[in-house]
Amino acid sequence: MERRSFLKKAAVGAGAGAIAAPALAADALPTINWRLASSFPKSLDTIFGAADTFTKRVAALTGGKFNIRSFAAGEIVPGLQVMDAVQAGTVEMGHSASYYYFGKDATFAFDCAVPFGLTSRQHTAWYDQGGGRELTREFFKGYGIINFLGGNSGTQMGGWFRKEIKSVADLKGTKMRVGGFAGRVLERLGLVPQQLAGGDIYPALEKGTIDAAEWVGPYDDEKLGFFKVAPYYYAPGWWEAGASFSFYVGIKEWEKLPKEYQAALEVATYEAHVVMQAEYDARNPAALARLLKNGVKLRNFPKDTMDACYKAANDVMNEEAAKNAKFKKIYEPWKRFRQDQNQWASVAEATMQNYLISAGRGGK
């Protein structure tokens with residue numbers, strides 16, 4: 001009896017210890033405060049909002065012990081210097097569009113968008129299942145940064161123009177806010193690319209410093225007021241079939257984090273990524289309807305313009321691959337992934353989507 005009583009008490013004690021151990025471990029985790037610099041103004045609640053979604057989830061998942069405060073573009077560093085700030089250790093984290101750093105190395109664009117590239121879903125599939133995470137992280141490691149998914153805009157619009165684009169010849173001499181690869185491609189067709197942060201675009205367009213500008217899509221573009229000074233709104237933004245934003249973490253800071261905090265951070269980036277895309281899909285239709293009521297003239301780029309851009313884009317990317325080994329290392333498998341994805345999309349999803357669009361136009 002005494003032996004059975006002792007074993008029973010020992011089992012209860014062991015069970016209590018098993019329950020208490022994680023709690024004690026959680027209590028032992030440190031309180032950490034980080035700063036996150038965003039490339040975007042607070043007025044863009046979809047893009048800047050991804051940082052807020054992320055920071056709130058990290059705090060919730062760690063019982064308020066891992067706190068990350070997000071700062072809008074210009075509050076700590078200018079919008080186009082976020083990656084530099086993370087690399088230098090000025091801030092522990094950043095939220096940006098990697099193609100902003102195209103001037104450092106064209107390879108950065110694969111982490112965001114390249115001309116005639118992947119849609120939002122395709123990019124997420126490539127990053128998560130198609131080798132994109134491993135390829136881009138190997139590249140970012142050279143800059144002392146680890147990258148995470150940080151949202152996606154979906155296929156973007158082709159921008160706002162003061163004049164109508166009736167053929168590819170109309171691009172010649174046009175000064176346009178457009179960044180990364182698109183700028184290099186359009187430059188071959190006579191356009192003059194300009195790279196400006198989001199908050200600087202409207203003043204430049206209003207003053208006539210630029211003739212055209214692309215940003216994201218109806219919801220954000222309406223907020224920035226481009227329609228007031230450039231009435232022609234073009235589609236599609238072939239240079240951003242699915243622009244993916246990224247969270248950056250300095251590798252040294254990442255390695256200091258407890259494993260529990262690393263897991264919380266990565267989970268929160270995925271949630272922010274999904275929420276941003278859902279917000280854009282939900283809000284863009286109503287925003288476009290409002291823009292059209294305000295007299296916006298919606299246009300598609302002429303076929304000759306699209307064909308010329310497609311050819312120029314392929315030429316530019318092949319040339320970059322020939323001279324940039326880092327670019328080529330990602331470009332070759334990425335290109336095969338894109339081909340497979342587009343073949344699959346043509347079988348079911350594109351067929352279904354095209355039918356629904358056609359049926360809807362019939363009023364049924």
>> Could you check whether Y99 and F181 have their ring centres less than 6.0 Å apart?
In response: no
>> Classify the ring geometry of H123 against Y127: parallel below 30°, tilted from 30° to 60°, perpendicular beyond 60°.
In response: parallel
> Which pairs, with at least one residue in residues 234-246 and sequence neighbours excluded, count as a salt bridge (charged side-chain N to carboxylate O under 4.0 Å, His left out)?
Replying inline: none
> Taking only residues two or more places apart in sequence or in another chain, which ones pass ring pair (Phe, Tyr, Trp, His ring centres under 6.0 Å) with Y270?
Replying inline: none
> V192: which other cluster members, linking ILVMFWY side chains closer than 4.5 Å, directly or transitively?
Replying inline: none
> Can you name the ring pair (Phe, Tyr, Trp, His ring centres under 6.0 Å) partners of F110, sequence neighbours left out?
Replying inline: F327, W334
>> Measuring from atom OG1 of T305 to atom CH2 of W238, what distance do you get when rounded to the nearest 0.5 angstrom?
In response: 10.5 Å
>> According to side-chain contact (heavy atoms from CB on, under 4.5 Å), who are the partners of A313, at least two apart in sequence or on a separate chain?
In response: P115, F116, V185
> Under the side chain to side chain donor-acceptor pair (under 3.5 Å) test, which residues partner S70, sequence neighbours left out?
Replying inline: D52
> Is the shortest side-chain N to carboxylate O distance from E75 to K42 below 4.0 Å?
Replying inline: yes
>> Check the orientation of Y248 and F140. Use parallel for under 30°, tilted for 30 to 60°, and perpendicular for over 60°.
In response: tilted
>> Which residues pass the ring pair (Phe, Tyr, Trp, His ring centres under 6.0 Å) test with Y233, not counting sequence neighbours?
In response: W160
>> Under 4.0 Å between a side-chain nitrogen and a carboxylate oxygen: does that hold for E138 and K141?
In response: no
>> Using ring pair (Phe, Tyr, Trp, His ring centres under 6.0 Å), reason through F108 and F139 one step at a time and then give a plain yes or no.
In response: CA-CA 8 Å; F108 278 112; F139 173 71; 4.7 Å; yes
>> For K311, is there an ion pair with D307 - N to carboxylate O distance below 4.0 angstrom?
In response: no
> In chain order, what residues pass the salt bridge (charged side-chain N to carboxylate O under 4.0 Å, His left out) check against R133, with sequence neighbours excluded?
Replying inline: D128
> Yes or no on side-chain contact (heavy atoms from CB on, under 4.5 Å) for H273 and T269, after CA distance, side-chain angles and deciding distance?
Replying inline: CA-CA 6 Å; H273 179 72; T269 63; over 6 Å; no
> Measuring from T107:OG1 to D105:CG, what's the distance to the nearest 0.5 Å?
Replying inline: 3.5 Å
>> Could you report the tightest heavy-atom contact between M276 and I47, atom names first, then the distance?
In response: CE-CA, 3.8 Å
> In chain order, what residues pass the ring pair (Phe, Tyr, Trp, His ring centres under 6.0 Å) check against W344, with sequence neighbours excluded?
Replying inline: none
>> Can you pull out every ring pair (Phe, Tyr, Trp, His ring centres under 6.0 Å) where at least one residue sits in residues 55-77? Sequence neighbours excluded, please.
In response: W34-F66, F66-Y261
> Are D200 and R177 within salt-bridge range, i.e. N to O under 4.0 Å?
Replying inline: no
>> Using a 6.0 Å distance limit plus a 45 degree cone around the ring axis, check whether R137 lies over the aromatic ring of F148.
In response: yes
> Does a side chain donor of either Q341 or W126 reach within less than 3.5 Å of an acceptor in the other side chain?
Replying inline: no
> Taking only residues two or more places apart in sequence, or in another chain, which ones meet S120 in a side-chain contact (heavy atoms from CB on, under 4.5 Å)?
Replying inline: N152, Q277
Report, one line per pair, each donor and acceptor closer than 3.5 Å where one atom sits in a side chain of residues 80-95; sequence neighbours left out.
{"from": "D84", "atom 1": "OD1", "to": "K104", "atom 2": "NZ", "distance (Å)": "2.8"}
{"from": "E92", "atom 1": "OE1", "to": "R35", "atom 2": "N", "distance (Å)": "2.8"}
{"from": "H95", "atom 1": "NE2", "to": "G150", "atom 2": "O", "distance (Å)": "2.9"}

